[in-house]
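Report on the following structure.
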Amino acid sequence: MAGPPGRPRQVAITDEMWDVFGALAEESGLEVEVLINQAMFEMAVRLGYVTPEPVGMEAPSGEDEFEASPPPRSKPPKAKPSKPKGQKFAKGRTREAGARSSSSGSPKRPPRPAPRPPKEPPQKKGLFVVNEDGDTEKIDKDIYIIGRSSKCDLVINSVKVSREHAIITRERGDYFIEDLGSANGTWYKGERIEKMKIRDGDEIFICDEKFKFVVR
């Protein structure tokens with residue numbers, strides 16, 4: 001696009017720049033004013049004050065025409081990669097998720113849990129027999145004989161009681177009472193028994209003598 005002739009204006013130009021434009025004028029065959037106007041036009045385009053036309057612009061003095069070069073396209077700034085939240089990076093190193101940090105390449109093992117203290121074996125419960133007077137005796141034998149004989153473990157001084165009347169045995173941690181064929185029998189809750197398992201709080205009659213058994 002041909003431009004209108006420009007009005008003469010006074011512009012202060014350094015000697016160095018005047019020599020540069022003079023040398024450009026000699027090499028291109030254009031006037032110094034044309035080159036100065038062209039430089040000013042390109043600067044205005046770069047700063048966004050002028051929109052370049054697709055066709056060249058004539059010099060204001062009516063001399064040879066020239067084409068205005070479009071401003072160079074500036075490359076968009078590269079976006080910096082954002083660090084994912086919750087992830088820390090060591091200085092000078094980039095670690096990806098799941099990367100192994102140890103120099104040997106093997107993942108770190110979690111600390112071993114403290115060993116549990118060994119469980120104490122359950123204490124065996126004992127059987128105690130309590131007479132009507134409140135006297136208590138512990139049965140700490142696997143075979144415990146009750147009767148009138150002085151050789152029995154529990155002696156009952158009664159003519160109604162047989163010499164070896166009943167026996168208490170321990171079988172796999174449980175206690176059982178068994179009648180030994182006595183004349184007057186062994187009784188539990190009004191019934192004559194031959195053999196039964198003893199439980200905590202049971203009351204058993206040897207003839208008419210009552211005994212309470214306690215397990216603890």
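Below, all heavy atoms of this structure are taken into account, side chains as well, without hydrogens, waters or symmetry copies. All values reported here derive from a predicted model rather than from experimental measurement.
To the nearest 0.5 Å, the span separating OH on Tyr144 from CD1 on Ile139 amounts to 5.0 Å. Taking CG of Leu35 as the start and OG of Ser28 as the end, the distance is 4.5 Å to the nearest 0.5 Å. Glu132 contributes atom CD, which lies 12.5 Å from atom NZ of Lys212 (distance to the nearest 0.5 angstrom). With values rounded to the nearest 0.5 angstrom, Asp153 atom CG is found 6.0 Å from Ile145 atom CD1. The line from CG of Asn131 to CD1 of Ile206 is 12.5 Å long, rounded to the nearest 0.5 Å. The line from CD1 of Ile168 to CD1 of Ile177 is 4.5 Å long, rounded to the nearest 0.5 Å.
Residues Glu178 and Thr169 form no side-chain contact, since every pair of their non-hydrogen atoms from C-beta on lies 4.5 Å or further apart. When side chains are defined from C-beta on, Ile146 does not count as touching Glu164, because their heavy atoms never get closer than 4.5 Å. Looking at Ile156 and Phe211, their side chains come closer than 4.5 Å, going by heavy atoms from C-beta outward. Residues Ser149 and His165 fail the side-chain proximity criterion, which asks for heavy atoms closer than 4.5 Å.
Glu209 and Arg148 are not joined by a salt bridge, as no carboxylate oxygen comes within less than 4.0 angstrom of a charged side-chain nitrogen. With salt bridges taken as basic N to acidic carboxylate O contacts below 4.0 Å, one links Asp208 and Lys160.
A single hydrophobic cluster is seen to contain both Met43 and Tyr49, as judged by linkage of ILVMFWY side chains at heavy-atom distances under 4.5 Å, directly or through other members. Under the 4.5 Å side-chain heavy-atom criterion for grouping Ile, Leu, Val, Met, Phe, Trp and Tyr, Ile198 is not connected to Ile167 through any hydrophobic cluster. At a threshold of 4.5 Å between side-chain heavy atoms, the hydrophobic network of Ile, Leu, Val, Met, Phe, Trp and Tyr places Phe213 and Trp187 in two separate groups. A continuous path of ILVMFWY side-chain contacts below 4.5 Å connects Leu154 to Ile193, so both sit in one hydrophobic cluster.
Its side chain outside the 4.5 Å cluster rule for every partner, Val155 clusters with none of the Ile, Leu, Val, Met, Phe, Trp and Tyr residues.
Annotation for Lys195: atom NZ counts as buried by contact number, over 12 foreign heavy atoms lying within 6.0 Å. Around the CD1 atom of Ile143, the shell of radius 6.0 Å holds no more than 12 heavy atoms that belong to other residues, nucleotides or ligands. Enclosure of atom CD in Glu137 by more than 12 non-hydrogen atoms of other residues, nucleotides or ligands within 6.0 angstrom is indicated.
Taking the side-chain contact (heavy atoms from CB on, under 4.5 Å) definition, one finds that Lys197 meets it with Asp174, Phe176, Arg199, sequence neighbours left out.
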Show the atom names and distances, to 0.1 Å, of all donor-acceptor pairs under 3.5 Å that link a side chain in residues 16-25 to residues at least two apart or in another chain.
none

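Contact record, Arg163 with Cys152: O-SG, 3.2 Å, taken as the closest heavy-atom pair. Contact between Cys207 and Asn184 at its shortest, heavy atoms only, is SG-CB, 3.3 Å. Scanning both residues, Ile204 and Tyr188, for their nearest heavy atoms gives CG1-CD1, 4.1 Å.
Checked by atom type and distance alone, the side chain of Asp133 never pairs as donor or acceptor with a backbone atom of Asp135 at under 3.5 Å.
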Check against salt bridge (charged side-chain N to carboxylate O under 4.0 Å, His left out), Arg216 and Asp200: CA-CA 8 Å; Arg216 64 171 183 262; Asp200 182 41; over 6 Å; no
